[in-house]
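Convention: sequence-line order gives letters A, B, ...; per-chain numbering from 1.
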Amino acid sequence: MAAPLVLVLVVAVTVRAALFRSSLAEFISERVEVVSPLSSWKRVVEGLSLLDLGVSPYSGAVFHETPLIIYLFHFLIDYAELVFMITDALTAIALYFAIQDFNKVVFKKQKLLLELDQYAPDVAELIRTPMEMRYIPLKVALLQCFPQCYFSCLSDIPVSVPTHLVCPRTPLSPPAAVHTCENEEQSLLDLFLGVCHDVCGKPSGNHLPLLLPSQLLGFHPRSLWLYINVFFYTIPLAIKLKEHPIFFMFIQIAVIAIFKSYPTVGDVALYMAFFPVWNHLYRFLRNIFVLTCIIIVCSLLFPVLWHLWIYAGSANSNFFYAITLTFNVGQILLISDYFYAFLRREYYLTHGLYLTAKDGTEAMLVLK
Amino acid sequence: MGLLSDPVRRRALARLVLRLNAPLCVLSYVAGIAWFLALVFPPLTQRTYMSENAMGSTMVEEQFAGGDRARAFARDFAAHRKKSGALPVAWLERTMRSVGLEVYTQSFSRKLPFPDETHERYMVSGTNVYGILRAPRAASTESLVLTVPCGSDSTNSQAVGLLLALAAHFRGQIYWAKDIVFLVTEHDLLGTEAWLEAYHDVNVTGMQSSPLQGRAGAIQAAVALELSSDVVTSLDVAVEGLNGQLPNLDLLNLFQTFCQKGGLLCTLQGKLQPEDWTSLDGPLQGLQTLLLMVLRQASGRPHGSHGLFLRYRVEALTLRGINSFRQYKYDLVAVGKALEGMFRKLNHLLERLHQSFFLYLLPGLSRFVSIGLYMPAVGFLLLVLGLKALELWMQLHEAGMGLEEPGGAPGPSVPLPPSQAMGLALYVLPVLGQHVATQHFPVAEAEAVVLTLLAIYAAGLALPHNTHRVVSTQAPDRGWMALKLVALIYLALQLGCIALTNFSLGFLLATTMVPTAALAKPHGPRTLYAALLVLTSPAATLLGSLFLWRELQEAPLSLAEGWQLFLAALAQGVLEHHTYGALLFPLLSLGLYPCWLLFWNVLFWK
């Protein structure tokens, strides 16, 4: 499996290099869907020049990165492009091996439960086979490389690193902890994310007093209650999903991407890269058509409404924020659909695929 | 989330959608068309009113009396122009200076992508001359523009005369709070584009122009003037700009106020305004005007110099003096007074025009329809596509085919890349390949471009024949449903985005493409569906709308004339995309044509 991965990485690096040198680079780096005050490269450069002048980079409301980023890029400023590409490639490789490991664990667990007769008799079609799981790590690496490269490589720091640096790190420790308790072998993914979190501080708080036309959440005092959302779901999810830490981590990453202040396309691309891992849940998803339509329509309407607001002078910020809200609603429904599908599959595995009610008719599962 | 999670209600909804789909689609389509036709009737159409406070309550007494002076200037200009053959720059500079303006010139040049046959130009170079009247006691932060485009075919000398006379009159007044720029451009729209780009320091169209030596502050509003003779019977106003952008409605209201005050006859789309909106005649006439406006806005051409100002968020209008066979004629003094009044009121503006509507339709000069009332028309049309897509998804799901992964089985997605490639070829090849074409065939470059366009367009029709060889080995029988689903969503997305920025174009394309897109399927009367699909393809819509446009202007075309006009329109469309950045050509070739090809593939699915 090494050769396809190498091919994917080579193509990704080529596309990134081509995009960096094309005229699209400047255009994309100005787009507000891609660049946010939290992840803007221009602000990092600004912070570095402030540091060079001897002024604290955190004076003034421009720079919002962690000290680690400053010191890292202080030495690497000339090789920024290369650093971005290498980080993205490393992320893809790390995810590849992490998912491969995870698949092995899943398969072992499944075999164990089959032998222990924990599964109902007629669930043969739900059992996952090594054949179907073979290409999943490659697909994850592919999805990680390509959407991100189109959107975030040009304008901001590789999303995987600062996403987890800037947003709260506590919600991700429970899944990491649960996973460590279960398996003696640490997964690479786990290590990667854990390290990123525990090493860096967070000097600038979450309440950014900036008045920029960014996406919805960020500067209104009432939105503090929206931030709490990021933390709310951790404990209930931990209790419900204590036996499935990787799925828990996926849901948690998605929740962080939805509720964080100043979300960008890169955050969405990060958790969407994990969809191939759960594609066996496809048959249980109920609203995938409507949700895919909502997400595609909202993505297309972002630039149209931006144009109407800024260039045609007719719409206003409410339209743009409304689209952000709709996009978030679509994402929330998508995640809850995946959650429902996961739970449903677990239920079917233990109780059988063809359920009958007490009087012998076909029963339906209703989520209460 | 009862609807999304409750299985009982979901099944009921699914059954409803599947059983009543055809009646619902037909109802929705008819509702969309009926809504559009109802836009001219009183509850949906309202009287215009001045929304900007600063322009409403001031009383202005116009004092312009320079009619003779204007005529003298016009005669001189015409004489000098005939002598030199191009714009008499030195004479203009001298005259503007003598009137008391700060005069500057700007030279520009542009090589068009292929020779323009309607205006007969290829390598264009010219000079713009403009004079700035500085406001006596203000800081030159804002300005107004009066522009007169001089092309080689329309000399517009009366307008230049009026401009100079107005400049002389304005120079003697003390109440100006904004600078006024008097701009005379050469090669009409090309010169205006060069001036605007240099003024705003951008370069969006590849024009080479010398930088401007003198500027006057942010432009608040602009008026473009075109006069064909020194007496006019009516003034025609043009509002549609580049890519269907419209100026703020307040500017039109301002013009209409002064027409009424001066007793001038004003027309919109060349048609007089109906007085009586309660009986049926008024709305019917309004419907004609509305359709003309829709067709002009959909074409995305700048119908006058004002169209290019709109892109820079400068509200602008074009006023054309028409000299027809009416008895009562107005001289230049009346037109000058109207312009003076407009500029004096614009002088009072404290902020840019933003109070009134930016998106509207005009059934008449004193009636408008706002966006909130006309959008449902296109909403109903796109609902048809949504319903069809939902029905197809449910049928696919029931048949158990459902896409396993987002990529789907290879069968349905095979026609997608070739269709998009054909669209790309349609966009890139005609201009790129014109020289090759002229070497091998005895045609001029412009004809080569147009004929290549038509050839690639027709070649796309042969696409299903070629993709069959790839598809037939692997495609399941239901493959066409998945392809149609993707095509329907693609079409709905494109039409939705187009309708948001240019309603007229979105509505026009939706009216023609939605029914045939919904009907396309491999079973049934294939030749009938194929004929319908060809008749509603983007090019045929363009041809049809040309005929409709001339019909509405009461100058109907014969078939041969119509075909010639169609070819000329194709060439103009490509040219305007390259010279002004008009978006109709890329939208049709890169967006709608590949989508249409997908439906063509669905129709010929084996």
Report the relative orientation of the aromatic rings in A:F327 and A:F302; use parallel for angles under 30°, tilted for 30 to 60°, perpendicular for over 60°. perpendicular
Report yes if the side chains of A:Y338 and A:L285 come closer than 4.5 Å at any heavy-atom pair, otherwise no. yes
Most heavy-atom pairs under 4.5 Å with chain A, out of B:Y312, B:F357, B:F358, belong to B:F358
Interface moiety of B:L390 toward chain A, non-hydrogen atoms closer than 4.5 Å: both
Where the side chain of B:S28 meets the backbone of B:F380, is there a donor-acceptor pair that is under 3.5 Å apart? yes
Side chain / backbone / both / neither for A:L300 at chain B, heavy atoms under 4.5 Å: both
Any side-chain heavy-atom pair of B:R15 and B:M394 under 4.5 Å: no
What is the ring orientation for A:W278 with A:F250, classed by angle as parallel under 30°, tilted 30 to 60°, or perpendicular over 60°? tilted
Under 4.5 Å from any heavy atom of chain A, what part of B:A389 do you find: side chain, backbone, both or neither? both
Toward chain A, the part of B:L500 with a non-hydrogen atom under 4.5 Å: both
